[in-house]
Amino acid sequence: MGKIYTVTSCIVEINRLKRIREAATLAHAADDLVKANKEIDEWMSIAAELKGKYPVLFEALTSQISQDENPEEEIKRLNCAYENGEPNAKQLIREVSDLCLEGFRETMKRVAVTYDSWDWESDFVWSTQVNDVLAKLKSSPFVNSEKGVFAFDAEKVVQTLDLKGKLGLSENNEVPPLTLGRADGTTLYITRDIAYTLWKFKHAKKVINVIGMEQSLAQLQLKIALYAMGCSEYAENLVHFAYNLVTLPGYKMSSRRGHYITFDDVLTEAVQRAYEEVTKRSPLLSEEEKRKIADFVGLGAVRYALVDVDPSKPVMFTWERVLNFETNSAPYVQYTHARACSILRKAEREPETPAFELLTEKLERELIMNLAGFPDMFIEATEYYKPNMIADYANVLADKFNTFYNALPVIKADSQELSDARIALTRAIQIVMHNALNLIGVVAPEKM
RNA sequence: GGGCUCGUAGCCUAGCACGGAUUAAGGUGUCAGCCUUCGGAGCUGAAGAUCGAGGGUUCAAAUCCCUCCGGGCCCGCCA
């Protein structure tokens, strides 16, 4: 599906640019001509690349698309039909979308990500919800029309309602206007998203939109639109959790240009790498066990890598970075957890009333303080949308436990009482580490 | 052009919202140790940073304010 998308968009883009070039030539617009030629060159080289990679697909799509003299017009027409709810268009688009979503779900299932509910954006178009939003905005003093299209004057809202401070905008930050719909009557994404957001607030007090950083402006305009519609309480409870995009060394990821690495590839590669590692470290394990361990180590490493860094930081993708099990702490923390489990297994007892006062070593105190801080850390992580704090916490706890493990004997402690107390401490650490890992979706294994 | 965002040892990252116990923390890499103890995907130690640059506020700044530099993003009848 991704390949079809990439090739199609490439062919259509070249067609479009060629038409622009023709127009520029006729109009003797030198600047436009140079620009168009430059872009055509770029896309032609992408086309050559794609043709080499997928020759059969490329040929098939080229001949199909060339049957249309103006493929873009056809796309427009289809979109129009879809929004108008014409059965054929609906059936076609939903069928293709379903295929995409199916693949999406399949991939996410590999990392145990599930979704409570799914919504079709187009449902908001077919119902009255998007139109309601448009009507409400049009009746406000913040919308003006130009040549039949309506534009939302976000800056005017900010001025009128004095929102600069509230939104954390600097004095010289003028919010650009937002176009609300196309001339042909079809809807635009942000307008649909306003309707969708209002709907979300019917089901929740707080809405966190997890959307890439490049949509910061659009999300800001969405929030301002809520204020303009008199939903200031919603606006204040709407959070845009922005994350930075991953770039590839040399160029940015772009599915339209075929420059991307799929999540499936990353997962497969990670599990493969983990398998090699397990085989090297524990050659005596059965094939089945090795596969099992490779699975949770590889997937754990990927999940840890995703949650480990502040999402606002720019990240450069390299296989080395994602698959380096030395740098990535997931296998380390998992290993530490398995170690704690191993001690508990060997201890063969669960002391009922351990004498905690015997835990007087500095290391033991530190561990106890760390454990005690777990709830507060979790609250802070959720309060400020910082999942990386949980990953960090698990890592620090593992560090401290490993130091403790190395310095102080648990089972072979000087006295039975001290041993009991340390077993209880180990158990507590194991439970908290297990919980911390679970919170970030990483398996806490008993053996590995 | 305007706006937003990131900039911490060779590399990767934490700390910045709430300025002070920070002699700036961890990982990786480099170097030196631990292979007689509960799992070595481990532990101990060393070297490595004028916290992008410059001003300002303050008794005190990685943290707050201003200016500048560098990377990324946005300013569409795309999403």
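- The interatomic distance linking Gln221(A) (CD) with C4(B) (P) rounds to 14 Å, in whole Å.
- When Watson-Crick and G-U wobble pairs are counted only if both distances are under 3.5 Å, U44(B) pairs with A32(B).
- No donor-acceptor pair under 3.5 Å is formed between the side chain of His240(A) and the backbone N or O of Asn209(A).
- Each of Pro177(A) and Ser342(A) was matched to the nucleotide of RNA chain B holding its nearest heavy atom; the match closer to the 5' end belongs to Ser342(A).
- Contact annotation for Val396(A): no contact, since no heavy-atom pair falls under 4.0 Å across all strands.
- Annotation: of the two residues near RNA chain B, Ala338(A) and Lys252(A), the 5′-most nearest-nucleotide partner is Ala338(A).
- When heavy atoms are screened at a 4.0 angstrom cut-off, Lys447(A) is found touching base atoms of the nucleic acid.
- Taking atom CZ on Phe401(A) and atom P on A41(B), their separation rounds to 15 Å, with Å as the unit.
- Nucleotide G1(B): paired with C75(B) (Watson-Crick or G-U wobble, both distances less than 3.5 Å).
- The nearest whole Å value for the distance from the CG atom in Asp399(A) to the P atom in A25(B) is 15 Å.
- Within 4.0 Å (heavy atoms only), Lys280(A) reaches no atom of the nucleic acid at all.
- Contacts of Pro331(A) with the nucleic acid, taken as non-hydrogen atoms under 4.0 Å apart, include base atoms.
- Contact check on Arg192(A) versus Glu83(A) returns a salt bridge, with a Lys/Arg side-chain nitrogen under 4.0 Å from an Asp/Glu carboxylate oxygen.
- Note on Asp310(A): only backbone sugar-phosphate atoms sit closer than 4.0 angstrom, heavy atoms only; bases stay farther off.
- Inspection of the Asn370(A) and Tyr393(A) side chains reveals no N or O donor paired with an N or O acceptor under 3.5 Å.
- In summary, the side chains of Tyr304(A) and Gln334(A) do not present any donor paired with an acceptor at a separation below 3.5 Å, with no hydrogens or angles considered.
- Across all strands, Thr426(A) comes closer than 4.0 Å to no nucleic acid atom at all (heavy-atom distances).
- Distance CG (Asn324(A)) to P (U13(B)): 13 Å, rounded to an integer number of Å.
- The nearest whole Å value for the distance from the CD1 atom in Ile429(A) to the C1' atom in C38(B) is 14 Å.
- In plain terms, the two heavy atoms of Thr318(A) and Pro249(A) that are nearest each other are CG2-CG, 4.1 Å.
- Distance, Asn173(A) CG to C73(B) P: 19 Å, rounded to whole Å.
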